[in-house]
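Worksheet: one structure, shown below.
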There are 2 protein chains.
Amino acid sequence: MTGATPTPFPAGAAHGDAAPDDPTGDLAVELRIALLRTARRLRSQKSVDDLTDAQFSVLAHLHVHGPRTPGELAEAEHVRPPSMTRTVAALEGAGWVQRTGHPDDGRQVLVLLTAAGAAAVEETRARRSAWLRERLARLDDDERATLAAAARLLRAVVQE
Amino acid sequence: MTGATPTPFPAGAAHGDAAPDDPTGDLAVELRIALLRTARRLRSQKSVDDLTDAQFSVLAHLHVHGPRTPGELAEAEHVRPPSMTRTVAALEGAGWVQRTGHPDDGRQVLVLLTAAGAAAVEETRARRSAWLRERLARLDDDERATLAAAARLLRAVVQE
DNA sequence: GCTACTCCTTAGCCTCGCTAATTACCAACG
DNA sequence: CGTTGGTAATTAGCGAGGCTAAGGAGTAGC
């Protein structure tokens, strides 16, 4: 709205460089842009013979929380069950997880990490973080502390 | 590596809750997880009759920087030219951008925002940020300041 | 034992990355 | 002047990973 500007050059109007004046109003916008941009960059760090992002996320979840059913994984990853079924199938095909019947409830399935999967998650985590770690090394201590605090805050913020 | 743990419950080994002891080594890991998780959550905020994430990002870029060639857009978005061609084609089909020949170089194409596109980018930006804004409102001033600083830092960090 | 519910899966659609190959155009050189 | 090489954009086709809708297996309750 307000939008029908016919001129194709509203440069500098939208967000410029860093939050200009309106502290709260623009924080959400600024943060959103910064987060999505960084996340895209992080995501592009994976190589071909590698876990995909969704796969890695599931593997890491299993690594931390132990065996889970597909439904639980879907909920944890904010994804629909069919999507998780496919991701789990890919992980199983690669030998990183194993699917077993649930001991009590025949409808359910338990997904658990194999030894290879546990190794993969640790190796991949280290490698994936390398790019970011190298960038963070250029910052000073205060800046790193700020980002550490931000990581904690974001964790709380997304916690629904 | 270390990995052949036969026990399926290494819970608490991987990263627990928030950076445990190693301040620099884990910052990259913690931050990566927090960023990707938040970004996924933000991305899930879009509705159907809406711009996709990639489309919105291109529109916003045009809104800020003015007309660009597909190649420039691809580089800015860290995407290969064919991917950008498709995104631009979708945007053109929806009437949000317009493609015109480059005045000097017949090989190139200039992509420019239409009035509808400019309106869409502003409306969408406001709506997409609403979820995050609501979450941020629950924080205190210090916490918001931390996130604002983090957004600026991330912007610098990804700047290649 | 039939019905209803729950969980997982299959089928089929879409977006959006990618690589490889094609087309259109510019520039430079014989 | 024509060919030859480089560059920009596109088309073709693949894979991952979202989604909804619909199907199959198992549990639970009447």
Side-chain angles (χ1 to χ4, degrees), chain A residues 36-37 39-59 61 67-94 96-112 124, chain B residues 36-37 39-59 61 67-94 96-112 124:
Chain A
L36 289 175
R37 186 174 300 183
R40 175 180 316 194
R41 202 54 185 282
L42 287 171
R43 195 164 289 121
S44 75
Q45 287 310 116
K46 60 171 176 287
S47 57
V48 274
D49 58 327
D50 209 358
L51 288 159
T52 68
D53 193 58
Q55 290 171 359
F56 175 66
S57 190
V58 169
L59 238 49
H61 188 89
R68 285 290 181 275
T69 68
E72 289 169 332
L73 289 173
E75 188 179 358
E77 299 287 324
H78 296 287
V79 152
R80 299 293 174 187
S83 304
M84 187 52 65
T85 290
R86 180 159 34 179
T87 299
V88 167
L91 290 173
E92 189 179 31
W96 285 315
V97 303
Q98 197 175 344
R99 240 189 303 213
T100 66
H102 195 288
D104 301 334
D105 187 339
R107 295 167 299 181
Q108 298 189 45
V109 168
L110 268 183
V111 182
L112 47 96
T124 302
Chain B
L36 290 175
R37 186 176 300 182
R40 176 180 316 193
R41 203 52 187 282
L42 286 172
R43 195 164 291 123
S44 74
Q45 288 308 117
K46 59 171 176 287
S47 56
V48 273
D49 57 328
D50 209 358
L51 288 159
T52 67
D53 193 58
Q55 290 171 358
F56 175 66
S57 190
V58 169
L59 237 49
H61 188 88
R68 284 291 182 275
T69 68
E72 289 170 332
L73 289 173
E75 189 179 358
E77 300 287 323
H78 296 288
V79 153
R80 300 292 174 189
S83 304
M84 187 51 64
T85 290
R86 179 161 34 182
T87 300
V88 167
L91 290 172
E92 188 179 31
W96 285 316
V97 304
Q98 197 176 343
R99 239 190 303 215
T100 67
H102 195 287
D104 301 333
D105 188 338
R107 293 167 300 182
Q108 298 190 43
V109 168
L110 269 183
V111 182
L112 48 96
T124 302

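Lettering follows sequence order; numbering is per chain, from 1.
- Map D105(A) and R107(B) each onto its nearest nucleotide of DNA chain C; the residue landing nearer the 5' end is D105(A).
- Atom-to-atom distance recorded for Q55(A):CD and R86(A):CZ is 11.0 Å, nearest 0.5 angstrom.
- At whole-Å resolution of the value, CG in D53(B) and P in dA16(D) are 21 Å apart.
- Distances from the side chain of T87(A) to the nucleotides dG18(D), dT11(D), dA9(D) place dG18(D) closest.
- As rounded to whole Å, 11 Å separates atom C1' of dG18(D) from atom CE of M84(A).
- Interatomic distance, NE2 of H102(B) versus CG of L110(B), reported as 5.0 Å (0.5 Å rounding).
- Distance from the side chain of R80(A) is smallest to dT20(D) among dT19(C), dA16(D), dT20(D).
- No donor-acceptor pair closer than 3.5 Å links the side chain of E77(B) to the backbone N or O of A74(B).
- If you check dG17(D), dT11(D), dA21(D) against the side chain of T52(A), the one that comes closest is dG17(D).
- At whole-Å resolution of the value, CD in E75(B) and C1' in dA8(D) are 13 Å apart.
- R99(A) CZ: more than 12 foreign heavy atoms inside a 6.0 Å radius.
- Residue T69(A) places at least one side-chain N or O closer than 4.0 Å to OP1 or OP2 of dC8(C).
- Residue whose closest nucleotide on DNA chain D sits further toward the 5' end, between R99(B) and R86(A): R99(B).
- Here P70(B) lies in heavy-atom contact (under 4.0 Å) with sugar-phosphate atoms only.
- Considering only side-chain N and O atoms, S83(B) lies under 4.0 angstrom from the phosphate OP1 or OP2 of dC18(C).
- At whole-Å resolution of the value, CG in L73(A) and C1' in dG18(D) are 16 Å apart.
- The side chain of T85(A) approaches dC8(C) more closely than any other nucleotide in the set dA8(D), dT10(D), dC8(C).
- Along DNA chain D, the nucleotide closest to G106(A) and the one closest to Q55(A) are compared, and the more 5′ of them pairs with Q55(A).
- Relative to the side chain of A54(B), the nucleotides dT10(D), dG17(C), dA11(C) differ in distance, and dG17(C) lies closest.
- Atom CD of E92(B) is separated from atom C1' of dA9(D) by 13 Å (rounded to the nearest Å).
- Atom CD of Q108(B) is separated from atom OG1 of T100(B) by 11.0 Å, given to the nearest 0.5 angstrom.
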